[in-house]
Structures are given as C-alpha cells and as structure tokens.
Peer 1: 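Handing you this structure, nothing more for now.
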Amino acid sequence: MKILFFSSDQYVEDFFNSANKNLRYKLDFNKVRLCKDTASIAKGYTIISCFIYDELNASTLEVLSEMGVKLVALRSAGYNNVDVNVAAKLNITIAYVPAYSPYSVAEHATALILSLNRKIHKAYTRVRDGNFSLQNLIGFDLHGATVGVIGTGRIGTAFAHIMHGFGSKILGYDKTNNEECLKLGVKYVSLDELLSQSEIISLHCPLFPETHHIINTDAINLMCKGVMLINTSRGGLVDTKAVIKALKSGKIGYLGLDVYEEEQVLFSDLSERIINDDVFSRLQTFPNVLITSHQGFLTKQAYIDIANITLQNIDSFIKKEGKLYRV
Ligand code: NAD
C-alpha cells in the first residue's frame, strides 16, 4: 500500500521512514501543500497524510474524493483546517494524533519567556558583534512572578509544572479546574482577574469561535503595564493589530509568538521573497517581540509519537482492526 505525504520536509521523511521499518508501507513524500489546485496529485492513492497548513476545505475534499482518497491521516492534533462535515458526506475518514509530548510545546513557551526576559536574542547578536555591554539587558526573576495560564489542559498543565519549578505564583483560567493543577497550587480565577494580575500570560486553550481573539483590546486594557504575552497555541486567539497598538504604547512589554493569525499563508521559506504581510512586518520591528514559526511541537520525543500514531492510524484503517483515532 502506498501513502502520499503532503507538506513534507526532510525531518518528516527521516522520522516516518524510521517508524515505518516494520510496517513497510510505501511512503511517497511530497513538499507540495494540499489545496484544491494541488489535490489531483493524489490520483491513485487511497491514503494521504497531511499537516496543519494543508487546506482540506470542501473544494479540496471533493477533488480528493474524485481521485479515490478514502483516508486522510493528519500529522497533527489540531484539525481546524478540515471541513469535517464535508469529509463525512464524501465518506473520507479523517484520522489525527490526539496527543503527543505536551512537554514539547510547554518547554517552547518557556524558551520564549526566558529569551524575552533575559534578552537572549539581543545578547546573542551583541556578543557575536564584539559588544559586551550589559546596558538594557536587565531581566526579572521568574521566582515570585505571577504567571497566568489560559487553558490548563495537557500543555497548560505541563507549563504550570515548569513555572512551579521556577517558584512563580500561578493563576489558571479554564472552563474546568484541573486536579493536577490544583494540587500544584494553581489558583483558578476569572479571565478578568487573570488578565489584570499576571505579569506573564501564556495561552494554551484551543481556537474555537468563543476563543477567537480572546486577547483583544478589552482584554489588553485589563492587563498590567509591561505584561509579557506568550502564544504557542493558535494565532487566531490574538488580535494582532490590537497587540501592535499595545506594544507601541508599552502596555505589552514583551511578546513571544510561535503562532500567527496568517501563518497558513506566511510560514514557509520566504527568505528569497518579499513579505507582503504588513502587520507581520510591523511586529518584527519591535525589539521586545520574538517570533518562531510554529515549532513548539518539534522535539524528537513529540515527533516519534506523531510518526508512530499516524502510521498506527493508517495500519488500523487498512487492516480494519486496532486503534484508529478518527476526528
Ligand atoms: P487540551 O485539550 O489538553 O487542553 C485545552 C484546554 O483548554 C482544556 O483544559 C480546555 O478545557 C481549555 N479550554 C477550552 N475552551 C476554553 C476557553 N474558552 N477558555 C479557557 N480554556 C478553555 O489541549 P492541549 O494538548 O493542551 O493543546 C492546547 C493547544 O495547544 C491546542 O489547542 C493547540 O492549539 C496548541 N498546540 C500548539 C502546538 C505548537 O506546535 N505550537 C502544538 C500542539 C498544540
């Protein structure tokens, strides 16, 4: 059985080839992003594998169905790029990876916090340039700092453990209180209280219609002056234009992003191209903004899990037995 991978990269090939050693499926890796216009390359494949930037909307799914595709094995936990209802109508099964190392994303959020706070991104270029001045490199202790965690699920809880290790005071906001967080001493408060009391705010809730732009002008108005905002969850949680205004006024003192509202269009190798997104370009002019390109999940442990679970989904679909995580 052959499987076509969209949005592949060398690291995808390496991890999947290793996970496939015993299963021995024929894995055909392709860098192309899936959309309506590229879907026809799936002709002859009943199984394809996709990533977060592949566009599985109604028109793409219709072409995939005409090509004979029966299973889309997502290499991600999120599936907001899939029109699940249309897939069901077309009898295309959508499988996903419900959980993998939550430490990967929690630790990346921490990396953004430490880099912004201790100005590692500036110190790195300064020292390479022979400038050993300490001016403007002052940080603050995380010990004793108040850290707000919005969404205390798997990643939020792993993040709370790390902050607990630093000796920070942790505030949590979620629809339900998490037992593990309560044991850790996380104090659950209302969203308004969390926004108004935290020196660092880290987003770990999913993107739903009700969480879209959860960080907007009203939310920012409640925040402490000079707050640090970290988003490793989904770009749509943050109203980027409102955040830019707050960066200009100094209300937001630090911004760490691993995700961005328009990342689907932007996050690829554009190093030889002109970036046309003026909002993103404005973000990059601030010295207190640090952006990474949705790499929070990218640790060896997390990707071994992703490759194994994706292939297990495919294997269960083919053999009609075993665990298949359907959306
Ligand atoms: P999870 O389902 O374990 O936890 C999500 C938590 O958010 C749950 O506790 C849920 O109750 C809470 N929540 C839901 N709606 C909420 C609301 N309106 N307000 C507050 N809390 C709410 O998910 P997880 O595995 O911890 O992942 C969290 C998010 O991290 C994912 O949705 C995804 O967007 C993001 N993520 C990012 C990366 C990356 O590489 N940067 C990788 C994986 C996941």
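Read the numbers this way: they start at 1 and go in the same order the structure lists the ligands and their atoms.
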Peer 1: Scan for ring pair (Phe, Tyr, Trp, His ring centres under 6.0 Å) pairs involving residues 21-57, sequence neighbours excluded, and state none if there are none.
Peer 2: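 As it turns out, the ring pair (Phe, Tyr, Trp, His ring centres under 6.0 Å) pairs with a partner in residues 21-57, which skip direct neighbours, are Phe5-Phe29, Phe51-Phe297.
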Peer 1: Report the nearest protein non-hydrogen atom to atom 4 (O) of ligand 1: residue, atom name, distance rounded to 0.1 Å.
Peer 2: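 For atom 4 (O) of ligand 1, the nearest protein heavy atom comes out as Gly153 CA, 3.2 Å.
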Peer 1: Do the rings of Phe16 and Tyr303 sit parallel, tilted or perpendicular, given the 30° and 60° boundaries?
Peer 2: perpendicular
Peer 1: Is any side-chain heavy atom of Lys245 closer than 4.5 Å to a side-chain heavy atom of Ile220?
Peer 2: no
Peer 1: Tell me: protein heavy atom nearest atom 20 (C) of ligand 1, and distance?
Peer 2: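 Nearest neighbour among protein heavy atoms for atom 20 (C) of ligand 1, to 0.1 Å: Tyr173 CE2, 3.6 Å.
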Peer 1: Taking atom CZ as the centre, does Phe286 end up with more than 12 heavy-atom neighbours from other residues, nucleotides or ligands that are less than 6.0 angstrom away?
Peer 2: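 For Phe286, atom CZ is crowded (more than 12 foreign heavy atoms under 6.0 Å).
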Peer 1: Around Lys251, counting heavy atoms of other residues, nucleotides and ligands shown, do more than 12 lie under 6.0 Å from its NZ?
Peer 2: yes
Peer 1: Using a 4.0 Å heavy-atom cut-off, say whether Asp174 meets ligand 1 through its side chain, its backbone, both or neither.
Peer 2: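 It is both parts that get close, each with some atom under 4.0 Å.
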Peer 1: Could you name the option among Gln295, His294, His204, Arg234 that has the heavy atom nearest to atom 34 (O) of ligand 1?
Peer 2: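 Residue with the shortest heavy-atom distance to the ligand atom: Arg234.
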Peer 1: Identify, for atom 38 (C) of ligand 1, the protein heavy atom at the shortest distance, and state residue, atom and that distance.
Peer 2: Val105 CG2, 3.7 Å
Peer 1: Should the pair Lys26-Asp28 be classified as a salt bridge under the 4.0 Å nitrogen-to-oxygen rule?
Peer 2: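 Asp28 and Lys26: salt-bridged.
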Peer 1: Under a 3.5 Å cutoff, is there a donor and acceptor pairing between the side chains of Ser101 and Asp305?
Peer 2: no
Peer 1: Can you list the atoms of ligand 1 that are under 4.0 Å from a heavy atom of Gly151?
Peer 2: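 The list of qualifying atoms is 7 (O), 21 (N).
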Peer 1: Evaluate whether atom CD of Glu179 has more than 12 neighbouring non-hydrogen atoms of other residues, nucleotides or ligands under 6.0 angstrom away.
Peer 2: no
Peer 1: What residue and atom, counting heavy atoms only, is the protein's closest point to atom 22 (C) of ligand 1, and at what distance?
Peer 2: Cys205 CB, 3.7 Å
Peer 1: Would Leu207 count as being in polar contact with ligand 1, using the rule that some N or O on each side must be under 3.5 angstrom apart?
Peer 2: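 No.
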Peer 1: Closest by any non-hydrogen atom to atom 5 (C) of ligand 1: pick that one out of Ser76, Pro206, Cys181.
Peer 2: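 Minimum heavy-atom distance to atom 5 (C) of ligand 1 goes to Pro206.
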Peer 1: Should one rank Ile155, Asn80, Leu257 by closest heavy-atom distance to atom 24 (P) of ligand 1, which comes out on top?
Peer 2: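 Nearest heavy atom to atom 24 (P) of ligand 1 lies in Ile155.
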Peer 1: Verify the distance criterion only: is there a donor paired with an acceptor across the side chains of Asp278 and Ser281 at less than 3.5 Å?
Peer 2: no
Peer 1: Given the rule in the side chain to side chain donor-acceptor pair (under 3.5 Å) test, do Glu261 and Thr240 qualify, once you have shown the distances and angles that lead to the verdict?
Peer 2: CA-CA 8 Å; Glu261 281 187 277; Thr240 315; 2.7 Å; yes
Peer 1: When only distance counts, is Val259 in polar contact with ligand 1, meaning an N/O pair under 3.5 Å?
Peer 2: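 Not met; the criterion fails.
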Peer 1: I want to know if ligand 1 touches Thr211 in the polar sense, i.e. an N/O pair below 3.5 angstrom.
Peer 2: no
Peer 1: Taking 4.0 Å as the limit for heavy-atom contacts, which would you say applies to Thr152 with ligand 1: side chain only, backbone only, both, or neither?
Peer 2: backbone
Peer 1: Give the numbers and elements of all ligand 1 atoms closer than 4.0 Å to a heavy atom of Phe297.
Peer 2: 39 (C), 40 (O)
Peer 1: Begin with the C-alpha distance, continue with both residues' side-chain angles, and end with the deciding distance and a verdict on side chain to side chain donor-acceptor pair (under 3.5 Å) for Ser271 and Asp269.
Peer 2: CA-CA 6 Å; Ser271 51; Asp269 183 359; 2.5 Å; yes
Peer 1: For ligand 1, is Thr232 a contact, meaning one of its heavy atoms is under 4.0 Å away?
Peer 2: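 Under 4.0 Å: yes for Thr232.
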Peer 1: With backbone taken as N, CA, C and O and side chain as the heavy atoms from C-beta onward, which portion of His108 lies under 4.0 Å from ligand 1: side chain, backbone, both, or neither?
Peer 2: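 No part of His108 comes within reach of ligand 1.
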Peer 1: Could a heavy atom of Ser233 be found less than 4.0 Å from some atom of ligand 1?
Peer 2: yes
Peer 1: Answer yes or no: does an N/O atom from Tyr100 fall short of 3.5 Å to an N/O atom of ligand 1?
Peer 2: no
Peer 1: Among Lys175, Glu210, Arg154, whose heavy atom sits nearest atom 3 (O) of ligand 1?
Peer 2: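 Closest candidate by heavy-atom distance is Arg154.
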Peer 1: Return yes if a side-chain donor-acceptor contact under 3.5 Å exists between Thr310 and Arg75, otherwise no.
Peer 2: no
